[in-house]
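Proteins come first, then strands; the chains are lettered A, B, ... in the order of their sequence lines, and each starts at number 1.
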2 protein chains.
Amino acid sequence: MAAGMEENNVGNDGASASGADVSGPDVEVRTLADLARVAGVSAGTVSRALAGKSLVNAETRERIQALARQYGFRPNQMASKLRSRRTGVIGVVIPLGHEKRQQISDPFFLTLLGHLADQLTEAGYDLMLSRAIPDGTTDWLERITGSGMVDGVLLIGQSDQSDVIDQVVSHYRPLVAWGNHREGQKHVVVGTDNELGGRLAAEHLIACGARRLAFFGDTAGIEIAMRLRGARAAAEAAGLHIKHVPIKLADAEMGPQLEAALADAEADFDGIVTASDLIAMSALHVLHESGRRIPGDVQIVGFDDLPLARLTSPPLTTVRQEIGQGAKVMVEKIRALIEGETRHSKVMPPTLIARDTTRS
Amino acid sequence: MAAGMEENNVGNDGASASGADVSGPDVEVRTLADLARVAGVSAGTVSRALAGKSLVNAETRERIQALARQYGFRPNQMASKLRSRRTGVIGVVIPLGHEKRQQISDPFFLTLLGHLADQLTEAGYDLMLSRAIPDGTTDWLERITGSGMVDGVLLIGQSDQSDVIDQVVSHYRPLVAWGNHREGQKHVVVGTDNELGGRLAAEHLIACGARRLAFFGDTAGIEIAMRLRGARAAAEAAGLHIKHVPIKLADAEMGPQLEAALADAEADFDGIVTASDLIAMSALHVLHESGRRIPGDVQIVGFDDLPLARLTSPPLTTVRQEIGQGAKVMVEKIRALIEGETRHSKVMPPTLIARDTTRS
DNA sequence: GCAGATATTGCAAACGATTGTACATCAGCC
DNA sequence: GGCTGATGTACAATCGTTTGCAATATCTGC
């Protein structure tokens, strides 16, 4: 009959010691109400105390916080989020669009993801990662925006879904995408001036003496298409032709595709613009194998300036995207949008980093 | 006065058409109750219908699902999760431990993360990504396990927190870590036999004629320490000495550290085991610059076999970790643990992939 | 000693779904 | 025709917080 013999009598209110019970480290305290009982106050007060609100007496607030620590209590986030209608979570979505591969593997996107994770954590948000396979409708995106699980959505790449995204944004504001900005589009985009990037790359090659030009990359994604357009413009301005060679990114396919493209007898390129550092690295590898010298026989320019670009041999000349900066901007914009403010797209200028795969 | 002139009169129950109202695409239906009103049934029935339960009449079920589609209704996840006490979310935590860097950048971890994302999506789970900075207590981990926000936790690397993790696991079961398995440890780990990996690397170098050996890598993380131990064992078995050169992973520092290590006059290595492909690539780069020929003057072995390893020049000989397979196993185990089953650690054997940075 | 202002705290109603239980309907059967 | 069992639906409690409002206690100045 003595109190303390039973442990599972949690329900009876007030039957046990009246407040200053410091002992029981084995009464389980899972909920606010549990802790409230232990502290001898009401659940509401505990809630306010843990939130650090000034409405509660400083002394009791500290006492409650101490108890919470002691019992290892943490408020249930689901309940909290449900009630406060604020999740503190940002959804980060990778549309696995025009590339059929089911894998998240592109090192550029992975790097951007890493930076976003850093920035979001710093801003006090959690990050919910989803891969999504666009299906022609808005469903793949609305499943996330409409779930009530996130305060906002960051899109890593638009794939070929610019229109779909526009449509979703008409009724779901807090959304920011990485990618190419298109005139007249509704949703907020942060990204590089891809056309300029392509132009810089081609101009540099031409200035370094290249004349038989090629562009390696699949233009299904609008970003790549714009890079090609820029490169083409630069070529035409110099009275040259540039051959477009579509290269899919899927790891397994890329090697053979490149070999085929480069083995082609008439494909005697002396200057290659690539759609990404990854393609450039693969091309470098294939060219090496076939005995061509770089930059002697062939010059090549990458795109992205991943950390790895400086490690190739020879180190890769490439067009740099400010990806860390881009992540920072994306997070700033999504926060503002969540607060109900208005934001516009930001197009960042790329810069050409001349290393040793071109004869500067 | 005519109905349809106002749009914001949602509150009045039952005043509008009685059930078969197919029109109103502008009455907002946010909640189950809203949809129930439109469908002329109760909220409970709608819930079961959307969940596809067999308890409801097939006909009404389809009618309700059609309505849900038509109104673009999606049940609020927070509410659902709160009630059903199942979140459908797995927390993926990257402990930013012994490396002081604040950045998620290690390509190995990023690659593992990509595979985990794929596997978890396939298993129907969402992925919540957190970086965490261990603080000497269990708090950095328990903030996540105790939040009620995830059904289980996957740790990408243990850093030097093996003991802390053990402690947490004593009261929080569903947790699986990637990393090195230590005898007697409580928590479930999936990973590579690092000691064996280190041994394979060194043995291969020795078989290829290397005699003046070095190991490049910082041994604060237990994984690396075990690789060194394996390499050292192989060296000693051959009557050789292996010099340990600590190399921090932080991008900016790695280059200079390597240069210093390799410029050292007495550091006339002819065989290098590295703790990761990333270090190997950097080393390759520095060695190239200093004019040494590979594998002629120096042979080098990486660790991980990232997709990039085959793209270096010469292509990198490396110790392969089955990272895709590892992700699959981690997800299988976390699911089982969530179901209350028991699982044990899995140590996977690495394999040596001989490419061209060694003279096979 | 009292009106009124000012701290604190308790109460109870949300938040929006899920789910056990009870009730209604209907078919089949002796 | 009444009883049994199956089927489908409505009702209401519940998950664990947050928060507006009311209630109490304390204090201030006159």
Selection from dC15(C), dA10(D), dT9(D) that lies nearest to any side-chain heavy atom of Asn57(B): dT9(D)
Worked check of salt bridge (Lys or Arg N to Asp or Glu O under 4.0 Å) between Asp151(A) and Lys81(A): CA-CA 11 Å; Asp151(A) 289 342; Lys81(A) 286 164 191 217; over 6 Å; no
Winner on side-chain proximity to Thr45(B), out of dG16(C), dG10(C), dT9(D), is dT9(D)
With a 4.0 Å cutoff (strictly under), does any side-chain N or O of Ser42(A) reach OP1 or OP2 of dT9(C)? no
Ignoring hydrogens and angles, tell me if any N or O in the side chain of Ser130(B) forms a donor-acceptor pair with the backbone of Ala132(B) under 3.5 Å. no
Kindly point out which of dT9(C), dT18(D), dT18(C) is positioned nearest to the side chain of Ser84(B)? dT18(C)
For atom NZ of Lys53(A) and atom P of dA7(C), their distance in whole Å: 17 Å
For the side chain of Arg48(A), starting at C-beta, report the closest nucleotide among dT9(D), dC21(D), dT17(D). dC21(D)
Sidechain-backbone polar pair: Asp126(A) side chain, Val89(A) backbone, donor-acceptor under 3.5 Å: no
Side-chain N,O (Arg85(A)) to OP1/OP2 (dG16(C)) below 4.0 Å: yes
Given dA17(C), dT9(C), dT18(D), identify the nucleotide with an atom nearest to the side chain of Arg83(A). dT18(D)
Output yes when at least one side-chain N/O atom of Ser47(B) is less than 4.0 Å from OP1 or OP2 of dT18(C), else no. yes
Of Ala58(B) and Ala51(A), the one whose closest nucleotide on DNA chain D sits nearer the 5' end is Ala58(B)
OP1, OP2 of dC15(C) versus side-chain N and O of Thr31(B): anything below 4.0 Å? no
Between Ala33(B) and Val41(A), which has a closest nucleotide on DNA chain C that is more 5'? Val41(A)
Of Val56(B) and Val46(A), the one whose nearest nucleotide on DNA chain D sits closer to the 5' end is Val56(B)
Atom CG of Asn76(B) and atom P of dC15(D): how far apart are they, to the nearest Å? 18 Å
Which value, rounded to the nearest 0.5 Å, describes the distance between Phe73(B) atom CZ and Asp34(B) atom CG? 8.0 Å
